[in-house]
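Here the structure is laid out as structure tokens; the discussion comes afterwards.
We're numbering straight along the sequence, starting at 1. Here the structure is a predicted model, which is why all the values come from computation and not from measurement. Just follow the structure's listing: the first ligand is 1, and inside any ligand the first atom is 1.
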Amino acid sequence: MAFEMVGVVGLGTMGAGIAEVFARAGIQVAGVEADEQALARGRAHLERSTGRALDKGKLTPAEREEILARVTLTTSRADLRDADLVIEAIPERMDVKAELFAELDRLCKPSTILATNTSSLPVTALAAATGRPDRVVGMHFFNPAPVMGLVEVVGTVVTDPGVRAEVGDLAVRLGKTPVEVDDRAGFVVNRLLLPYLNHAVTLLDHGVAGRDDIDNAMKLGVGLPMGPFHLLDLIGLDTAYEIMNVLFDESRSDRHVPSPLLRSYVAAGLLGRKSGRGFYGDPGDGPQEKAPARTVHVVGSRELADRLEAAGFKDTEDADVVLQVGGSTPVSGRTVRVQLKGQVAELATSVLTEQEAVLGARDLLKIAGYTPVPCKDRAGLVVDALLYCHLNDAVRMYESGYASIEDIDAAMRLGCGYVEGPFELLESIGLAKVRDGLRDLHAEWRSPSSAPAPLLDKLVTAGLNRFPRP
Ligand code: 3HC
């Protein structure tokens with residue numbers, strides 16, 4: 001199929017981004033919104049995004065004009081009659097989407113492929129609302145659509161394999177990498193990403209660490225492009241909450257219980273960027289208080305001791321603050337357990353730790369060139385608790401036969417900007433280290449989902465540090 005003209009229904013952040021992606025690939029787009037006001041918002045999205053590219057010198061003024069001219073904005077769905085493909089990106093309500101699909105089925109020519117960008121609803125149910133279920137697919141883009149390189153192509157049991165292939169080829173023409181997935185809650189990316197983000201909210205809710213500290217830990221300690229709270233604000237807290245509900249409804253797993261804190265943000269209308277405020281955007285956001293640097297004693301890291309000595313601190317055993325790198329929970333109030341992860345230093349505080357010691361430790365670690373992450377002394381602290389459970393989910397997904405190792409790695413690299421996919425990360429950290437970390441987490445929290453996936457356990461027992469690939 002030539003795909004000369006496509007329709008996009010719904011021009012919110014995702015819909016407008018998708019329209020831009022098609023127009024950039026030289027395809028005519030009919031962008032449909034419910035009323036003139038919504039249409040104006042869609043136009044503003046398109047102008048802002050292409051304007052940004054213009055400012056950065058990525059587009060010339062003439063190219064920008066050509067892209068914008070390829071998008072016809074309309075409030076009439078009848079304008080979609082001759083589209084080769086129509087993709088919807090309207091709010092995630094099954095009844096409204098099903099009604100739209102039934103209408104598109106009536107309006108569009110018989111060969112039109114009907115696609116949904118849904119992140120959580122079953123594509124099969126939308127296919128069933130039409131008289132052409134074989135020509136209905138999921139075409140799932142990632143936010144920001146013009147930037148992220150992945151499209152999940154979701155086929156159902158009734159999708160014509162030829163249609164799947166054509167949509168995959170179209171994604172390539174758009175400059176994206178398609179990954180074919182089946183119609184299962186969360187597909188690949190959201191099924192792995194959202195439980196990890198939800199877990200971060202749970203740590204915040206339990207007071208294990210603060211918002212900025214958790215974001216710093218995952219961005220700087222793991223190298224992810226954004227911390228979980230920044231990413232939740234980008235995705236939209238209502239969307240995230242909805243996806244967690246859908247995952248839980250399907251799996252009934254403790255891992256998929258939506259965080260009550262997430263629910264209360266949504267109930268308060270704090271939805272992230274789209275509403276102007278989510279986890280960030282609080283007028284009270286400001287710099288943290290500073291503690292004075294003090295005398296220090298370092299245990300367990302020559303490098304940290306040297307860095308502090310170079311900064312002018314004399315190491316004395318009776319210091320105000322003792323930094324104990326590694327080891328078990330200290331039994332002195334002025335001793336802070338430190339876990340170094342690249343440029344991040346997690347500072348684990350127990351019921352005994354004095355607040356002054358924590359503030360002093362934070363200050364000292366900054367001076368030594370680390371980003372301090374104060375947190376409660378719990379198994380896995382912040383980074384390992386979040387990361388190992390996330391990686392374990394990927395192993396379980398592969399074990400269940402849902403997606404290949406290559407597809408899971410590619411999906412997380414291209415859909416979420418990871419430098420390494422989950423399996424690449426597992427192998428670079430070391431399977432035994434992750435398995436043992438998961439055992440510690442399971443021993444502490446007893447949640448069934450934190451038990452190491454059987455395959456991970458078996459590979460470690462067999463002395464291997466590599467997953468089987470064809
Ligand atoms: N629209 C268009 N372009 C944008 C953009 C936007 N909203 N935001 C950023 N960009 C472009 C910039 O112009 C820049 O392009 P350039 O390199 O060609 O100049 C590039 O993206 C990098 O932007 P910045 O330098 O401003 O910022 P960062 O380096 O911090 O990158 C990011 C921003 C690309 C968003 C990066 O942080 C990232 O990859 N984050 C992860 C995003 C992610 O995980 N998305 C998936 C969420 S899940 C989802 O969407 C599924 C849904 O169903 C929930």
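Within the 4.0 Å cut-off (strictly below), no protein heavy atom is located near atom 33 (C) of ligand 1. Protein heavy atoms are absent from the space less than 4.0 angstrom from atom 30 (O) of ligand 1. For atom 1 (N) of ligand 1, the nearest protein heavy atom lies closer than 4.0 Å. Under the 4.0 Å distance rule, the nearest protein heavy atom to atom 27 (O) of ligand 1 falls outside the cut-off. The presence of a protein heavy atom under 4.0 Å from atom 22 (C) of ligand 1 is ruled out.
Of the options Phe142, Phe141, Phe187, the smallest heavy-atom separation from atom 49 (C) of ligand 1 is shown by Phe142. Between atom 47 (C) of ligand 1 and the options Ile235, Val189, Leu232, the minimum heavy-atom separation is to Ile235.
Between Ser428 and Glu420, the side chains place a donor N or O and an acceptor N or O closer than 3.5 Å (distance only, hydrogens not considered). In summary, the side chains of Ser259 and Asn198 do not present any donor paired with an acceptor at a separation below 3.5 Å, with no hydrogens or angles considered. Judged purely by distance below 3.5 Å, without hydrogens or angles, the side chains of Glu33 and Thr75 never pair a donor atom with an acceptor atom. Using modelled atom types, one finds no donor on one side chain facing an acceptor on the other under 3.5 Å when comparing Ser120 with Glu242. Of the N and O atoms on the side chains of Thr156 and Asp183, not one donor lies less than 3.5 Å from an acceptor on the other residue. Under the 3.5 Å distance criterion, with hydrogens and angles disregarded, a donor-acceptor pair is assigned to the side chains of His45 and Arg48.
Remark: minimum distance from atom 45 (N) of ligand 1 to any protein heavy atom is reached at Asn143 O, 2.8 Å. Lys56 NZ, 3.6 Å is the protein heavy atom nearest to atom 12 (C) of ligand 1. For atom 52 (C) of ligand 1, the closest non-hydrogen atom of the protein is His140 NE2, 3.8 Å. At the shortest separation from atom 38 (C) of ligand 1 among protein heavy atoms lies Pro225 CB, 3.6 Å. Among protein heavy atoms, atom 6 (C) of ligand 1 sits closest to Pro144 CB, 3.5 Å. Scanning the protein for heavy atoms near atom 39 (O) of ligand 1, the closest one is Met148 CE, 3.4 Å. Looking from atom 44 (O) of ligand 1 to the surrounding protein, the closest heavy atom is Cys416 CA, 3.3 Å. Among protein heavy atoms, atom 20 (C) of ligand 1 sits closest to Val147 CG1, 4.5 Å.
Between Trp445 and His206, the two ring planes are tilted [angle within 30° to 60°].
Near Leu193, with a cut-off below 4.0 Å to any heavy atom, the atoms of ligand 1 are 48 (S). Taking every non-hydrogen atom of Arg52 and a distance limit under 4.0 Å, the qualifying atoms of ligand 1 come out as 4 (C), 5 (C), 8 (N), 9 (C), 10 (N), 12 (C), 13 (O), 26 (O). Of all the atoms in ligand 1, the ones that sit under 4.0 Å from a non-hydrogen atom of Gly415 are 43 (C), 44 (O), 45 (N), 46 (C). Proximity to Leu231 (heavy-atom distance under 4.0 Å) selects the following atoms of ligand 1: 42 (C), 43 (C), 44 (O). Close approach to Ser49 involves these atoms of ligand 1, each under 4.0 Å from a residue heavy atom: 1 (N), 2 (C). Near Met226, the atoms of ligand 1 lying under 4.0 angstrom from a non-hydrogen atom of the residue are 37 (O), 40 (N).
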Step-by-step side chain to side chain donor-acceptor pair (under 3.5 Å) determination, Asn216 to Thr371: CA-CA 7 Å; Asn216 277 337; Thr371 300; 5.8 Å; no
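For the pair Arg70 and Phe22, the NZ or CZ position fails the cation-pi test of under 6.0 Å to the six-membered ring centre and within 45 degrees of the ring normal. Geometrically, Arg396 does not engage Tyr402 in a cation-pi contact defined by less than 6.0 Å to the ring centre and at most 45° from the axis.
In this structure, His256 has its ring center at least 6.0 angstrom away from the ring center of Phe248.
Looking at Asn190 against ligand 1, only its side chain comes within 4.0 Å, counting heavy atoms.
For a threshold of 3.5 Å applied to N or O pairs, the pair formed by Thr239 and ligand 1 contains no separation below that value.
Sorted by first and then second residue, the salt bridge (charged side-chain N to carboxylate O under 4.0 Å, His left out) pairs involving residues 121-134 (not counting sequence neighbours) are Asp105-Arg132.
Judged as a ring-ring contact (aromatic ring centres under 6.0 Å, His included), and not counting sequence neighbours, the contacts of Phe467 are Phe423.
At least one donor-acceptor pair closer than 3.5 Å links the side chain of Glu346 to the backbone N or O of Val383.
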